[in-house]
Number of protein chains: 2
Amino acid sequence: MTEYATTRIQRKNQALIFEAALDVFSSFGFRGATLDQIASTAGLSKPNLLYYYPSKEAIHSAVLTKLLHTWLAPLRELDENGDPIEEILLYVINKLHAARDLPRESRLFANEIVQGAPRIKSILETDLRHLVEDKVRILRKWIKQGRLAKIDPYHLIFSIWSLTQHYADFDVQVQAVTGQETSFDEAEVFLNHLYRRMLAP
Amino acid sequence: MTEYATTRIQRKNQALIFEAALDVFSSFGFRGATLDQIASTAGLSKPNLLYYYPSKEAIHSAVLTKLLHTWLAPLRELDENGDPIEEILLYVINKLHAARDLPRESRLFANEIVQGAPRIKSILETDLRHLVEDKVRILRKWIKQGRLAKIDPYHLIFSIWSLTQHYADFDVQVQAVTGQETSFDEAEVFLNHLYRRMLAP
DNA sequence: CGTCAATTTTACCAAACGGTCAAACATTTT
DNA sequence: AAAATGTTTGACCGTTTGGTAAAATTGACG
């Protein structure tokens, strides 16, 4: 019996809580979410919830940190040795698919950041910043080599984040305005056109 | 003494409340904002606040509806008789300046929409939708005339919203990643490049 | 100045909230 | 099967929250 063993029940309930917390936090933000809501979504009682996590903050923090890695994965894949425009477009499309397939994750971070990122600011200033710095270096190199239009690499990355996550974070608005389900295929065609035109040297 | 006269005191306090509510709601969202917070920001007591508005909902609703007009003004100005690309770029720059000068308004709507727009969905589906439909018609005409690249006009408008509002709504992230104050001048250069390239027929 | 209406405050309420505790119940281990 | 450990629950607590009632204060006006 080692110190940090996790039982079958623990694993099951941790998973239930994680799903429920992602659901509720992404829908209502940290402040808008309640422990009762998370508990009932997970099919547990509130004290049972707090048996697995010491506090609401702890649940939120656990969900955020666990998902940050997933969320940043597409950017990590941007490959220095690939073709600049194809590499960037791959990243764009991957991010768009993430917005389509993982809208809860997108909204979870959107909710946090739009309110000043009080709980993950430090991560943004370290991990995210370092990752972006590395990719900016690559983009600058490509520009210097004349393989990419002369644009600000930071703003290029921001544009990819905003254009893709918009379809997840502001989906209600997109649907309200178009009167239809959001078409990610149309979005893909649009973004393809946009980035090919913009990025050509 | 007419029925609907507003006194000097009423006007002053309505303005104080409006400012305070915009501040607090845009920072913390509807659920995250408290009446005590709004009251103390306005320099009033909570019951005094509720002397002017019947409920928290009423304050939020008043702020949202009053600002919606301001918020949509730039799009309204898109002129059928102007030069397509210059008209669109004017809209882009106006929206970018709005993100710079009215970040609270931007975050107010961002907070509302990212959580499903429960309180303004109906407005989005009517007023906003009709406005966009009219502008989409203009964009389609321009495309048909060969004065604009063949792009989906809805996605063009979404792109403008997301790219510009990103600098207000996700400002913390932009600053965390760049380590600097957000440069709207750089953003303007970037967006100018992006849209001129993308929109050329 | 006195009167009436408008405004503000004090004291309060009920519900919702995050969280605790000890007892009850399950499960695993010996 | 007993003991030990792990899990769940019901009852509860203090605080915060949106909101109310009525008294006290201030301002408008003849």
Side-chain angles (χ1 to χ4, degrees), chain A residues 1-64 108 111-112 115 118-119, chain B residues 1-64 108 111-112 115 118-119:
Chain A
M1 199 58 59
T2 68
E3 282 279 334
Y4 300 106
T6 58
T7 68
R8 162 182 60 89
I9 296 175
Q10 272 172 24
R11 274 192 300 278
K12 189 195 69 182
N13 283 344
Q14 300 261 12
L16 283 173
I17 292 169
F18 184 86
E19 270 298 304
L22 175 53
D23 245 47
V24 175
F25 281 131
S26 68
S27 296
F28 306 106
F30 179 77
R31 194 84 208 289
T34 70
L35 288 179
D36 288 290
Q37 220 177 344
I38 296 171
S40 90
T41 303
L44 301 172
S45 66
K46 187 167 62 172
N48 201 7
L49 225 187
L50 291 163
Y51 172 73
Y52 291 97
Y53 289 93
S55 68
K56 184 183 178 184
E57 280 272 352
I59 301 174
H60 190 248
S61 168
V63 174
L64 275 174
L108 181 79
N111 260 306
E112 175 70 7
Q115 289 185 15
R119 283 165 288 270
Chain B
M1 202 56 61
T2 67
E3 282 278 335
Y4 299 106
T6 56
T7 68
R8 163 181 59 88
I9 295 174
Q10 270 171 26
R11 272 190 300 279
K12 187 196 70 183
N13 284 345
Q14 299 262 11
L16 283 174
I17 292 169
F18 184 85
E19 269 299 304
L22 175 53
D23 245 47
V24 176
F25 280 132
S26 68
S27 297
F28 306 106
F30 179 77
R31 194 83 209 290
T34 70
L35 287 179
D36 288 290
Q37 218 176 345
I38 297 171
S40 89
T41 303
L44 302 171
S45 67
K46 186 167 62 172
N48 200 7
L49 227 190
L50 291 163
Y51 173 74
Y52 291 97
Y53 289 92
S55 69
K56 185 184 177 182
E57 280 273 352
I59 301 173
H60 190 248
S61 168
V63 174
L64 274 175
L108 181 78
N111 261 306
E112 176 70 6
Q115 290 186 14
R119 283 166 288 271

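Sequence lines set the chain letters: A, B, ... in the order given, protein chains first and strands last, and positions in each chain run from 1.
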B/D36 CG - C/dT9 P separation (whole Å)
14 Å
How long is the line joining CG of B/L44 and C1' of D/dG19, in whole Å?
16 Å
Atom CZ of B/F30 to atom P of D/dT17: distance rounded to whole Å?
13 Å
Could you tell me the separation between the CD1 atom of A/I38 and the P atom of C/dC17, rounded to a whole number of Å?
11 Å
What is the separation between atom CD1 on B/I59 and atom C1' on D/dG19, rounded to the nearest whole Å?
11 Å
For the pair B/F25 and B/F30, name the ring-plane relationship: parallel under 30°, tilted 30 to 60°, perpendicular over 60°.
parallel
Nearest-Å distance for atom pair CZ/C1', residues B/R11 and C/dA6:
14 Å
Taking side chain as C-beta onward, heavy atoms only, is B/T34 less than 4.5 Å from A/R31?
yes
Partners meeting salt bridge (charged side-chain N to carboxylate O under 4.0 Å, His left out) with B/R119 (sequence neighbours left out):
B/E57, B/E112
Base, sugar-phosphate, or nothing for A/A33, non-hydrogen atoms under 4.0 angstrom?
sugar-phosphate
What are the two closest non-hydrogen atoms of A/Q115 and B/F28, and how far apart are they?
NE2-O, 3.2 Å
Extract from the structure each pairing of a protein N or O with an N or O of nucleotides 19-24 of chain C at less than 3.5 Å, listing the distance.
from	atom 1	to	atom 2	distance (Å)
C/dG19	OP2	A/K56	N	2.7

Roughly how many Å is it from CZ in A/R31 to P in D/dT16, rounded to a whole number?
11 Å
Under 4.0 Å, heavy atoms only, any strand: does B/S45 hit a base, just the sugar-phosphate, or nothing?
base
With respect to the side chain of B/I9, which nucleotide from C/dC17, C/dT8, D/dT9 is positioned closest?
C/dT8
From CD of B/Q37 across to C1' of D/dG18 the rounded distance in Å is 14 Å
Please tell me if the side chains of B/N13 and B/L49 come closer than 4.5 Å, counting only heavy atoms from C-beta onward.
no
Name the closest nucleotide to the A/N13 side chain, picking from D/dT8, C/dT8, C/dC17.
D/dT8
Under 4.0 Å between any heavy atoms, over every strand shown, what does B/Y52 touch: base, sugar-phosphate, or nothing? Just pick one.
sugar-phosphate
Compare side-chain N and O positions of B/N48 against OP1 and OP2 of C/dT10 and report whether any pair is under 4.0 Å apart.
no
Does C/dT7 have OP1 or OP2 under 4.0 Å away from a side-chain N or O of B/Q10?
yes
A side-chain contact here means heavy atoms from C-beta on lying under 4.5 Å apart; do A/L35 and A/I59 qualify?
yes
Would you kindly say whether B/Y51 and B/Q10 are connected by a side-chain donor-acceptor distance under 3.5 Å?
no
Any A/Y51 side-chain N or O less than 4.0 Å from OP1/OP2 of D/dT7:
yes
